[in-house]
Protein chains: 2
Amino acid sequence: MAPGDLPLVLDRTSEVGLTKQLARQLRAAIAQGQLEPRQRMPSTRALASALGIGRNIAFEAYEDLLAEGYLVGKDRSGTFVAQELSPQVLDLRATRPAPKPTARWLQRQVPEPQVEDAIARDQVEFRVGQTDTSTLGHSEWRRVWREVAESDLPTDYEAPAGDSLLREAVAEYLKRARGFVCSPDDVIITSGAVQGVNLIAQAVLAPGDQVGFEEPGYRLARQILQESGAQILPLPVDKDGLQLSALPSGAGAPVMVYTTPSHQFPLGVRLSIPRRLALLEWARQHDVLILEDDYDSEFRYGASPLPSLASLDTSGHVVYLGTFSKVLSPAVRVGYVVAPGALRDRLLRIKSKADFHTSWPVQRALALMITQGHLERHIRRMRKTYALKRATVNLALQPIRPYARLMGLDAGLHAHLELNPDVSAQQVIEEALRQGVIVPALAPYYLGLPDRNGLLLGYGGLTVPEIQRSAGVLCAAIAQAAGETRAP
Amino acid sequence: MAPGDLPLVLDRTSEVGLTKQLARQLRAAIAQGQLEPRQRMPSTRALASALGIGRNIAFEAYEDLLAEGYLVGKDRSGTFVAQELSPQVLDLRATRPAPKPTARWLQRQVPEPQVEDAIARDQVEFRVGQTDTSTLGHSEWRRVWREVAESDLPTDYEAPAGDSLLREAVAEYLKRARGFVCSPDDVIITSGAVQGVNLIAQAVLAPGDQVGFEEPGYRLARQILQESGAQILPLPVDKDGLQLSALPSGAGAPVMVYTTPSHQFPLGVRLSIPRRLALLEWARQHDVLILEDDYDSEFRYGASPLPSLASLDTSGHVVYLGTFSKVLSPAVRVGYVVAPGALRDRLLRIKSKADFHTSWPVQRALALMITQGHLERHIRRMRKTYALKRATVNLALQPIRPYARLMGLDAGLHAHLELNPDVSAQQVIEEALRQGVIVPALAPYYLGLPDRNGLLLGYGGLTVPEIQRSAGVLCAAIAQAAGETRAP
């Protein structure tokens, strides 16, 4: 390290002498590891020159540190940081100073995000939202990234709406995969669907606005809307999806409704066609924005696809949210929004202030994944993989049919296991946990009191043997909670 | 396309007959391009079966569309979408329905982001913030991405704080490059520095809070703080940086101060050491959070580096912002925050709700860039490249010394050209633009009335010949504005 790169600052106006200041700062640099053990120190001449001090000051400071064991002299080869530092010195390493908890700038309340805790080791978890990337075509994936690495890296910011190749690819993909026609100009690439919800909340909501929200529903989206000032109006869900009878009419209509019509999160049901049409008509009549979160519509098993609300919309009342989290991996953090024109402009302004645009190399890689057909081939392979996992869940849970019903298996990567009212979900969860199987409860997905007793089974990220073993554990736990003495 | 993938929804309760509904929806599908020219239509039998209608209904709808020219029959080979559609039909393609501008959910005001406009073609622009990626080691860059593509893509969300490899690499990098010691746990990876400012604003500011801000200063950051409810207290800047005499003491002290001490944006000056120490002491005494934006400290020409405020902080009052935008490219959209513990937890909670975490493949690629030494090699190469560009700017603008002074050339990728009070910046800008050279004015970087008359010269993204040519244009424009008749 050149002498000028050392964090040494001498204050000539201080009452503390320069030698003492220099020695103190050198000790701190050694303690904090800016100067590393066995590193050669600059000569006293070079240091004095860099700091604009007399050489005798540097010499005296070195003498002090040599005496204290911070530095060692190696004959004529120079002065070095000591190889072994005392534990007290080492404890100081890399410990940043801490402010008082009462600091004025620490007074804002920032609620914890409502997400699942991290996965524990050595346990199997029916974690919702996990995907399986094992069948990702590795040669295709590598080829895509090779192409990205060979493209010139832009020297400037890109457009907030996203890479034009990716926006074109997404528009084409939505037409092919969802029968949803829009132009690349309608598409905004986001840093994941969570950012999409956040941008929409900021663009639309004012404090006190009512927002209709599926009950139970996707907690993180609900929390983002609430923290933007929205009053949540819970909308119950039955086997045909969101219940429209709960929608207020007249002046009491909310300004926005959040819904997951393809595979209701977390119950897994689909919004029926008559309800889709009626919801759109109600939105048109009451001037309500429908936020359609189409998070996992790509995975359907047997059931024919239903058209998205956005594709049925004739009056510009739907904003559509898509994501690559389920079809590829949540870790890529890329999603997209298709918004009516006037809303789109607002979303772009907010996006510019949120992160300017989504990372370009990842956008370009996804564009190539789509245009070269890799993504849809991956989805077709994954449909088969997930269909097998789904069938395994279904079969393995047959024995507990008397106590529980599996729902939401038509689509997506998770199912909902509704328990009989007399079977305690909490007891099942605790017993399964003792056997190393983590199962999320349905209850936390409610804003109010749950109207169902259930568990969520995210099977997307588990292997077939893991599903078999952990479903066995779950069966035994349910049977036990139901008061049976023998495992079914 | 399978019949079930077509966006056809028949409403049996409607007063409109099924044939008419089907024909209308098929027309729309053709007009919007869900059914493409020359595409084969499903057989009437398959369509009827998919929709659960009598075959005669499908047959009659096809007959109507054949008569209207939407469809054509090709002997016995089937029915196809017509090859040429009328212009009226094609106009309907991909036009999403538009809401009324008076919609209830379009009533929020969303200000335009205060950023430079997009680059115009065929013009040279002294654009601030552009980098030069031409000397990026392509074989190194490709090797990094090959390694990323060969790593298993995570199947789940990663930690909001970022990839642990990248956080370690950033902590090591800060120690080596800035003499700033922190642990990987102190580092939060952000989706660019803009997101860092946004997270800090959300974590710290309540409406009405005072924030000290350099005047002139970085507009987008100032805007983000203002839109978070902050009252901006402009702090004038002189040749030694932020003027401390403008800082209120006692109860009038702001809750936060934003500063760019390494290379003040946009004036280019450095905060002197005595002011650094005094600013920290004032912050400690008044319990003020210092937001240190160290956006381009990597590029120094001749001048010895000064320690960052964060490395001098002994009381936990500094939050440090870094970015890969200047050392690599703004398009990667990755930055980092080093925050005191209690603030860090708040930032992570907000980050989870903003985009969960920054895209993993890009994070991993940057981690490899650092740990394999590529980034620092690139920075060393770029220092030489930028030093040559800087020298070219300096030399090429010699002729207008009587009318203007170049400032801020010690560091960074842009300079500030201060004009004599009697030379109109606006006149210079307009004359340069006529010659195809775009030069940003200093004035818009002020919140209040400018105390200087100047231009900004972002030279990082220009080639040496571009700098020579456009500096010549600028010299002539300045001489002309200064009332000279001959070009200097």
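From a predicted model like this one, the values you see are computed outputs, not experimental measurements. Chain naming here is simple, since letters A, B, ... match the order of the sequence lines and numbering starts at 1 in each.
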Heavy-atom distance under 4.5 Å to chain B: side chain of Ala103(A), backbone, both or neither? both
So does Glu36(B) pair up with Lys175(A), basic N to acidic O under 4.0 Å? yes
Contact part of Asp209(A) toward chain B, heavy-atom cut-off under 4.5 Å: side chain, backbone, both or neither? neither
Under 4.5 Å, counting heavy-atom pairs only, tell me which of Ile224(A), Leu136(A), Val334(A), Val9(A) racks up the most with chain B. Val9(A)
Residue from Ala354(A), Gly341(A), Ala221(A) scoring the most non-hydrogen pairs under 4.5 Å with chain B is Ala354(A)
Chain A contacts, top residue of Pro111(B), Ala193(B), Pro160(B), Gly196(B) (heavy-atom pairs, under 4.5 Å): Pro111(B)
Proximity breakdown for Ala253(A) and chain B, heavy-atom pairs closer than 4.5 Å: both
Parallel, tilted or perpendicular for Trp145(B) and Trp145(A), by the 30°/60° rule? parallel
Most heavy-atom pairs under 4.5 Å with chain B, out of Val288(A), Val318(A), Asp345(A), Leu348(A), belong to Val288(A)
For Leu343(A), is it the side chain, the backbone, both or neither that has a heavy atom under 4.5 Å from a heavy atom of chain B? both
Max heavy-atom pair count under 4.5 Å with chain A, selected residue of Asn198(B), Leu312(B), Thr133(B): Thr133(B)
For Pro307(A), is it the side chain, the backbone, both or neither that has a heavy atom under 4.5 Å from a heavy atom of chain B? side chain
Considering only heavy atoms, which portion of Asp287(A) lies under 4.5 Å from any heavy atom of chain B: side chain, backbone, both, or neither? both
Please look at Thr314(A) and chain B and tell me whether the side chain, the backbone, both or neither of the residue comes under 4.5 angstrom of a heavy atom of that chain. backbone
Measure Ser134(A) against the heavy atoms of chain B and call it side chain, backbone, both or neither at under 4.5 Å. neither
Pair count under 4.5 Å, heavy atoms only, with chain A: among Gly461(B), Ser352(B), Ala365(B), Gly129(B), highest is Ser352(B)
